[in-house]
Every structure is written in structure tokens, then in C-alpha cells.
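Below is one structure, written out as C-alpha cells; comments come after it.
None of these values were measured; they are calculated from a predicted model.
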Amino acid sequence: MGLGREKRDDGAEVSSGGPVSRHAEGGTLGAARHLGHLRGMPVWLKVVTAVVSVAMIGGIAFAGFWFLRLQINISKAPLNAGGGNNEQVSDATGRMQILILGSDTRDGENAEYGTADDSRGYGKSDVMMMMDISEDNKRVSVISFPRDLLVDIPECKDEETNQVYPARSGVMINEAMAEAGIGCAVDTVNQLTGLEVDHFMMADFTAVKELSNAVGGVEVCISDAVYDPDSRLRLPAGTSAVQGEMALAFLRTRHAFADGGDLGRIKAQQGFLSSLTRKIKDDGTLSDPGRMLKIADVVTQNLTVDEGLASVPSLLTIGNRLKDIDISKVAFVAVPTTPALADPNRLQIAEPAGSQLFAALRQDVDLTDPTAPSPSPSETSAPPTAAPTETAPPLPPYDKAVQPVTVANGTGVPGRAQEIVQALISGGFTQAGQFEATAVEQSVVYYGTDFADVAADVAAVLGIPAAQMVPAPNIAGVQVYLGTDFTTGITYGAPAALPDDIVNQTAKDASCQQANPALIVQG
């Protein structure tokens, strides 16, 4: 037939060769030849190939599901509120500070802990800790700020409403984020410590309950049986495993420990986190993808982070940096405080211990071993003093006692200039005076015309390098402008001194909290 087909006896058409056969060879018959390799494949190999293919497709789908789920869970907010850290940081390398906040918001699932009026605006930070991860990933310092601490809050802008809130003085630190948001709390800590916080994480009440449930409870210890009706904490004497509502009550109670104040609560929170760290490390949770996914899921549902941390890879990178740290190098510290002069029911920074702590943090000192060298040269360490030129003619002698020397306090530490003035007087510059000045990062010795030799001697008394001496014709005499790199001691660049008991405990230490006698349950 013209179409290249012929009929069989039963009437069906069959191919008769020619172009039709060639077309079939390039199509259906060709495909059959490609399948010939599979037809000759052993059955066991076919099964393995199919299983691997399904597993790969399933694994990709599983990973995609969890990636999308965790990414959708994450809420984010601006890192700063006007005085920001615009420097881009690498989550994988370099030193990093993360501000950890516990919000007292009563919205949604948190409504059972009070009314919305109890947490106006963005809510207050019931817990405020700064986690400082060293560049070499060998140390972590966790610094707690008491909620009753009186501080200066800088001008802050609400990034959602564009409303600007003026700077305030002598305000409780937990008020910082109530009006302008979390970024204002970050800016407040930056101003207080002289550091630049890189990220923040804020969790609410539900996050605490769900995390404690996800790890199967956290062991805590208390000296006596207590009951606190305000937080609903009820625990027997000794060690107990707490989770859910009881874990939240342990962290929230303001009255159950020590004298019923904020410092007792901070020590209890640090004890809880130490125990949680040990459990996660002992159980191998950080190396178990299944457990990590479970924890990440419950935490991210109740977590707010800054834009730079609002991705699953970023959060995983932080977790990976922490997994191999020796728990004896995880130090828990409380900012040194004393009852406030303005209100004995509030706290203020205790000096000089507070400035010593912040200076040590800026110099990246190992708080568990302050005598150990830093892993890399500190940014604030003094450069070598320039050698004097041999050709410079000798200058005539002068009388130190009559030289006009002033000290400008730009450290941000009240009263700091007085210590430096005393050092200069001891060095012979008995006419030294002082005044408060705008904060600057680096200390400089300015000198007027014909005062270069006096400036060199003033700098030598304080250990300030010659590279930081600057001529200033408008200055009469010599002015030492102290910066945030010289907040403690009388020798520039010297290692920061620290109180012996600055570290409350490390994550390796199991601690038992002292019960408040007023809440001890008898019998």
C-alpha cells in the first residue's frame, strides 16, 4: 500500500518496511533499545537504584520543607533605632556580640500571664543578656543586665512609625525597647558598654516553655522548698527537672531566690542556662540533625531577630560556632551594680568594677582567665612610641608645676577624669584640671604652640603613644582628651583590671540557688 502497510489475514495492518520502519527506529523502537541496559541489569541493582533515587528526591523535599517552615517561622525587626551599627559582620568568622532579650509581652498565647497593659508598646525586656563569642570560637561570655538598672537611653526612632523619642536619663534599662522597639535596647547597650552589638534574638514566654519541653526538661537546684504565688513557682528542696510552665516560673520569679531581688533572679537564670548548656552538650543535640530541627522549629515560632540574622543559614552558622566550645569557657557574668543614689530600690553601675568589665570586654579578655593573652592584638592596644629623631635640638627645661594641662573626659564614664588628674599631679603636673566632654573612641593628647615637649612628657606619664599626639594651635597648653579606649587605670593600653569574683559561674559548674527565707515552705 502507498502508506507502507499491509494487512494480515486477520485484517490488522503491519509495517511493510521503508520510511515507516525508519521512523519507528528513531522513536518507539529506539527507546526500547535504550531500555535494554536496564533489562539486562540484576534485580538487586534495580532495587538499589530505585531506592537511592527515591531517597534523594525525598531528602531534597524534606530539606526544602524544613527550610521553608523554619524560614516562615522567623520574625524580624530592625537592629538599631537611630544610633546604629552599620558595619557588616560575617556570621561564620570574627568576634560577635548577640543581645538576647526575653520579652514580657502579653499578646497571643502570653495573655494568661497578664493584660496588655502590663507590657505597653513593644513590651519590656524581662531578661537582657549579651552573648560575646570570641573570634577563635573558644570562649563565650554571657553578660546579664539587671532589669532594675538605671541607665541613659539615647534618642531612638521607631522604624515602623518613624516617631522619634528623645534621650532620657536615669531610666530602668528594661524600658529601652518599650517605645521605639528592640533596636532602642540595642543602642542603649552599645552606649553603655562601648561595644557594637551585631545581632539580637528576642523570645517570649512561650519560647521558654517550648524549648524546655523540646529538650526533655532542665535540672535546677534550690536549697529549700519554695512557693511563689506571683510566678506560680513551686519546687521541693534539692534538684528537680523543670519544663513547660515550671521552667518559665523558675526563670520569671522575682522573689523566690536570695533576698527576693533582681540579682538573685539573674543567678537563677544563669544556673538554668548552665544546666541547659550541659544537657545539650551531653546529649549531643548540636550534632543531631533531628533534635536540632525539633528545637529550631519550636524556638523560631516564638523568636524575633534582626534582619541580618533572619535566615536559616545564619542561625545554623551561629549554632555551628557554638557546638565545640569547652563549657568551662562559657562564663556567666552580671554587670557590677550597687543601690542607686536616686532610688535605693533601683540599681546603678558600681564603679570602677563596671568600667573595668566593659574595658575587658572591649579588649577581648578571657573572663575565666584574665591573665591569658588575647587570641589577637586588641584594637585598643597602644602602638609603639615613635623613636626620637637624633637631629632634634635639645629643648630648654621647663617647670612642670606651672604648665596648663587639662583632662577632657570623653570616656562616657562619670568621674573618670579625676583618676587621670591625680596621676598627672603625681607626675609633677600640679596645675592639671578637668571637664566632661563628648565621647570619642580614641584618646589623644592635643598641644598648643611651643608645648610639644610638655605634651610628650604628659603622654609619657599616661603611656599614650607619640602617634596620638596632635598639634592644636587653638589650645593653650596641653589637653588630654580621654576616649572610650582608656576607661580604666592610669596607663593607656594596659590590660584591664577585673574584680576577682566577676564571673558568677561557668557552664561547667552546677549551682544550687539559695531560697528566699520569706517564701520557704515548711514541712
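With sequence neighbours excluded, no residue satisfies side-chain hydrogen bond (donor to acceptor under 3.5 Å, both in side chains) with E219. Under the ring-ring contact (aromatic ring centres under 6.0 Å, His included) criterion, F250 pairs with F257, not counting sequence neighbours. Residues forming a salt bridge (charged side-chain N to carboxylate O under 4.0 Å, His left out) with E159 (at least two apart in sequence, or on another chain): none. In terms of the side-chain contact (heavy atoms from CB on, under 4.5 Å) criterion, residue partners of D262 (sequence neighbours excluded) are, by chain and number, P146, R147, D148, R254, R265. With sequence neighbours excluded, the residues that form a side-chain contact (heavy atoms from CB on, under 4.5 Å) with S328 are D326, K508. With sequence neighbours left out, T188 forms a side-chain hydrogen bond (donor to acceptor under 3.5 Å, both in side chains) with no residue at all. For A455, the side-chain contact (heavy atoms from CB on, under 4.5 Å) partners two or more places apart in sequence, or in a different chain, are V445, Y447, M469, V478. K329 is linked by a side-chain hydrogen bond (donor to acceptor under 3.5 Å, both in side chains) to D366, T368, counting only residues two or more places apart in sequence or in another chain. For D132, the side-chain contact (heavy atoms from CB on, under 4.5 Å) partners two or more places apart in sequence, or in a different chain, are R95, Q97, S141, L361. Checked against ring-ring contact (aromatic ring centres under 6.0 Å, His included), F200 has no partners two or more places apart in sequence or in another chain.
From D306, atom CG reaches atom CD1 of I98 across 8.5 Å, with rounding to the nearest 0.5 Å. Atom OG1 of T206 is separated from atom CG of L211 by 12.5 Å, given to the nearest 0.5 angstrom. Atom SG of residue C156 and atom CD of residue Q163 lie 12.0 Å apart, to the nearest 0.5 angstrom. To the nearest 0.5 Å, atoms CD1 (I100) and CG (L303) are separated by 10.0 Å.
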Apply side-chain contact (heavy atoms from CB on, under 4.5 Å) to the pair L79 and D187, showing each step before the final yes or no.
-> CA-CA 9 Å; L79 175 61; D187 290 349; over 6 Å; no
Intermediate values then yes/no, side-chain hydrogen bond (donor to acceptor under 3.5 Å, both in side chains), Q505 and S511 | CA-CA 8 Å; Q505 69 175 92; S511 60; 2.9 Å; yes
side-chain contact (heavy atoms from CB on, under 4.5 Å) between D158 and E179: does it pass, once the steps are laid out?
-> CA-CA 7 Å; D158 185 336; E179 292 180 338; over 6 Å; no
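Heavy-atom minimum distance, E307 versus A77: OE1-O, 2.9 Å. Heavy-atom minimum distance, M128 versus A185: CE-CB, 4.1 Å. When all heavy atoms are compared, the tightest approach of A432 to V421 is O-CG1, 3.9 Å. Between Q468 and S443, the shortest heavy-atom contact is NE2-O, 2.7 Å.
T253 places no side-chain N or O within 3.5 Å of a backbone atom of A249 that could act as its donor or acceptor partner. A donor-acceptor pair is defined here as one N or O able to donate and one able to accept, closer than 3.5 Å; no such pair exists between the side chain of T491 and the backbone of A494. At least one donor-acceptor pair closer than 3.5 Å links the side chain of D204 to the backbone N or O of A207. Using modelled atom types, no side-chain atom of K281 and backbone atom of I327 make a donor-acceptor pair closer than 3.5 Å. No donor-acceptor distance shorter than 3.5 angstrom exists from the side chain of S314 to the backbone of A310, with no hydrogens or angles considered. Not one N or O on the side chain of N137 forms a donor-acceptor pair closer than 3.5 Å with the backbone of I325. Looking only at distances, no side-chain donor or acceptor of R139 sits under 3.5 Å from a matching main-chain atom of A331. Panel note: side chain Q269, backbone L251; a donor-acceptor pair is recorded below 3.5 Å. Remark: the backbone N or O of D485 is not paired with any side-chain donor or acceptor of Q442 at under 3.5 angstrom.
Between Q243 and K209, every side-chain heavy-atom pair lies at or beyond the 4.5 Å cut-off. L309 has its side chain within reach of I318: a pair of non-hydrogen atoms, C-beta onward, lies under 4.5 Å apart.
Within the structure, side chain to side chain donor-acceptor pair (under 3.5 Å) contacts touching residues 332-352 (residues at least two apart or in different chains) are E351-S355. Applying the side chain to side chain donor-acceptor pair (under 3.5 Å) test to residues at least two apart or on different chains, the pairs with a partner in residues 404-421 are N409-T411, N409-E436, R416-E419, Q418-Q434.
For the residue pair T317 and N320, no side-chain donor N or O sits within less than 3.5 Å of a side-chain acceptor on the partner.
Note: F358 and F145 have parallel aromatic rings, judged against thresholds of 30 and 60 degrees for the angle between ring planes.
Within a 6.0 Å sphere centred on NZ of K279, heavy atoms belonging to other residues, nucleotides or ligands number more than 12.
Of the residues T193, T487, T484, the one that meets the side-chain hydrogen bond (donor to acceptor under 3.5 Å, both in side chains) test with R362 is T487.
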